[in-house]
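Note that the numbering runs from 1 along the sequence shown for the chain.
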Amino acid sequence: MSRQELKPIKDGKVREIYDNGDSLVIVATDRISCFDVILHNKVEKKGTVLTQMSKFWFDMTEDILPNHMISVDTGDMPEFFQSEEFAGKSMLCRRLEILPVECIVRGYITGSGWASYQKDGTVCGIRLPEGLREADKLPEPIYTPSTKAEIGDHDENISFEQSILWLEKFFPGKGREYADKLRDYTLALYKKCASYALEHGIIIADTKFEFGLDQEGNIVLADEMLTPDSSRFWPADEYEPGHAQPSFDKQFARDWLKANPGNDWTLPEEVVQKTIDKYLQAYRLLTGQSL
């Protein structure tokens with residue numbers, strides 16, 4: 001297959017998905033998006049961090065449920081992908097029917113959850129104890145699903161009960177079963193991985209998972225897993241509740257863009273470098289290896 005023949009069937013802000021017949025190739029590019037805009041900069045190695053970190057977690061959680069990963073070796077993929085451009089950042093995956101729920105789990109109170117708690121003491125309709133400070137650890141992780149919106153629309157937070165009805169709409173007779181399984185898998189994955197991460201110097205404050213159905217109707221973990229793009233990672237040695245925490249993600253980039261209006265969505269090189277340094281540091285801490 002010539003290089004010209006292969007075009008992504010889905011081209012997202014950061015990832016490209018290619019059709020490979022009964023499987024897919026998902027490429028995490030080095031693009032970076034902030035505030036839903038793709039910046040002009042490339043962040044070298046970012047795609048590799050996202051792909052290899054997902055692989056690390058997929059391998060670790062196979063005892064909880066299967067995942068969609070087949071291989072991250074481009075030698076197992078069509079010839080189109082067997083070049084330096086795709087090495088390290090491509091994943092061959094099983095085709096799944098993706099379930100229309102973003103499975104969000106929060107172990108600490110921050111971000112939109114903190115804003116909601118300040119207003120009425122709840123997060124996504126779940127009543128929390130009084131007197132929590134920003135970034136406090138919750139007594140137990142909470143599951144706060146949302147609908148998966150079409151591109152251009154916003155995901156909508158829903159209650160667990162609403163997730164049953166939402167899934168029932170797409171899968172008649174299966175709404176309750178799927179909703180229960182998604183919640184239970186999400187919490188089990190988070191608890192295992194957050195505990196591991198804490199031992200290696202990183203707090204996973206919150207994250208989101210996506211799941212799909214295989215041809216036999218089994219629920220399978222999909223998409224990316226516990227990366228700085230899909231999660232809030234905080235350095236454990238700097239953790240201090242009562243205010244926002246430093247993080248291992250693109251916060252440097254967001255902060256610079258906010259402080260420099262008229263930036264034309266282009267970052268200075270030192271901000272790009274600080275951003276990838278954070279991604280690489282998180283990978284090193286969690287896996288014990290360097291990329």
Side-chain angles (χ1 to χ4, degrees), residues 12-15 27-58 60 72 87-89 91 104-114 134-135 137 190 193-209 223-260 263 265-291:
K13 288 194 286 287
V14 172
R15 281 178 301 165
V27 179
T29 70
D30 290 338
R31 295 194 291 261
I32 180 169
S33 78
C34 292
F35 311 116
D36 286 334
V37 175
I38 299 170
L39 306 188
H40 295 305
N41 306 82
K42 288 280 194 329
V43 180
E44 202 178 330
K45 282 199 173 171
K46 178 173 175 278
T48 306
V49 172
L50 299 184
T51 298
Q52 299 302 322
M53 197 175 276
S54 290
K55 177 191 186 300
F56 173 78
W57 295 118
F58 284 149
M60 183 189 286
V72 294
K89 59 182 70 162
M91 185 179 287
I104 298 162
V105 55
R106 305 166 192 260
Y108 293 73
I109 187 155
T110 187
S112 61
W114 171 242
E134 183 176 7
K137 185 176 184 182
Y190 175 77
C193 298
S195 170
Y196 170 89
L198 192 56
E199 290 169 8
H200 292 77
I202 289 182
I203 290 170
I204 302 175
D206 53 35
T207 193
K208 64 177 182 182
F209 299 114
D223 203 50
E224 63 183 316
M225 183 180 183
L226 289 164
T227 70
D229 272 18
S230 67
S231 322
R232 275 192 181 90
F233 289 171
W234 296 338
D237 60 354
E238 296 179 49
Y239 175 59
E240 184 184 74
H243 55 80
Q245 306 296 302
S247 60
F248 289 97
D249 60 14
K250 49 194 177 188
Q251 200 58 47
F252 277 120
R254 288 195 205 99
D255 290 347
W256 188 87
L257 291 167
K258 275 200 279 195
N260 293 273
N263 51 61
W265 301 107
T266 305
L267 299 169
E269 200 44 50
E270 67 267 20
V271 175
V272 173
Q273 194 55 51
K274 278 182 174 175
T275 300
I276 192 55
D277 285 349
K278 278 289 170 198
Y279 277 69
L280 290 168
Q281 186 189 3
Y283 183 83
R284 247 187 340 266
L285 283 169
L286 288 168
T287 67
Q289 297 177 337
S290 294
L291 284 173

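Using a 3.5 Å distance cut-off with no hydrogens or angles, the side chains of Gln281 and Asp277 do not pair a donor with an acceptor. Side-chain atoms of Asp206 and Tyr190 form no donor-acceptor pair, as typed in the model, at a separation below 3.5 Å.
With a 4.5 Å cut-off on side-chain heavy atoms, Asp249 and Arg254 count as touching. The shortest distance between side-chain heavy atoms of Arg31 and Lys42 falls below 4.5 Å. Side chains of Leu198 and Ile203 form a contact here, defined as non-hydrogen atoms less than 4.5 Å apart. At least one side-chain heavy atom of Ser33 sits under 4.5 Å from a side-chain heavy atom of Lys250. Counting only heavy atoms from C-beta outward, the side chains of Tyr279 and Thr227 never approach each other to under 4.5 Å. Using a 4.5 Å cut-off on side-chain heavy atoms (C-beta onward), Thr110 and Arg232 make contact. Phe56 is not listed as a side-chain neighbour of Met225, based on a closest heavy-atom distance of 4.5 Å or more. No side-chain heavy atom of Glu44 sits less than 4.5 Å from a side-chain heavy atom of Ile276.
In terms of heavy-atom proximity, Ala253 sits nearest to Cys34 at CB-SG, 3.9 Å. In plain terms, the two heavy atoms of Lys55 and Met91 that are nearest each other are N-CE, 4.1 Å. Closest non-hydrogen pair, Ser247 versus Lys278, comes out as O-CD, 3.8 Å. Closest of all the heavy-atom pairs between Trp57 and Leu226 is NE1-O, 2.9 Å. Listed here is the closest heavy atom pair of Leu39 and Leu267: CD1-CD1, 3.6 Å. For the residue pair Thr207 and Ser230, the shortest heavy atom distance occurs at OG1-O, 3.3 Å.
Of the residues Thr29, Val14, Thr275, the one that meets the side chain to side chain contact (heavy atoms under 4.5 Å, CB included) test with Lys46 is Val14.
Here CD of Gln52 is found 9.5 Å from OG1 of Thr287. Values are rounded to the nearest 0.5 Å. To the nearest 0.5 Å, the span separating CG on Leu286 from NE2 on His200 amounts to 8.0 Å. Once rounded to the nearest 0.5 Å, the distance linking CG of Leu280 with CZ of Phe248 reads 11.5 Å. Between atom CE of residue Met53 and atom OH of residue Tyr283 there is a gap of 7.5 Å, rounded to the nearest 0.5 Å. Going from atom OG1 of Thr51 over to atom CZ of Phe58 covers 10.0 Å, rounded to the nearest 0.5 Å.
Between the side chain of Lys45 and the backbone N or O of Leu291, at least one donor-acceptor pair lies under 3.5 Å. The backbone N or O of Phe233 sits nowhere less than 3.5 Å from a side-chain atom of Ser231 that would complete a donor-acceptor pair. Under a 3.5 Å cut-off, the side chain of Gln251 and the backbone N or O of Pro246 do not form any donor-acceptor pair.
Comment: Asp36 engages Lys13 in a salt bridge, judged by a side-chain N to carboxylate O separation of less than 4.0 angstrom.
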Exercise. Please test Lys89 against Asp30 for side-chain contact (heavy atoms from CB on, under 4.5 Å), starting from the C-alpha separation and ending with a verdict.
Key: CA-CA 9 Å; Lys89 59 182 70 162; Asp30 290 338; 3.0 Å; yes
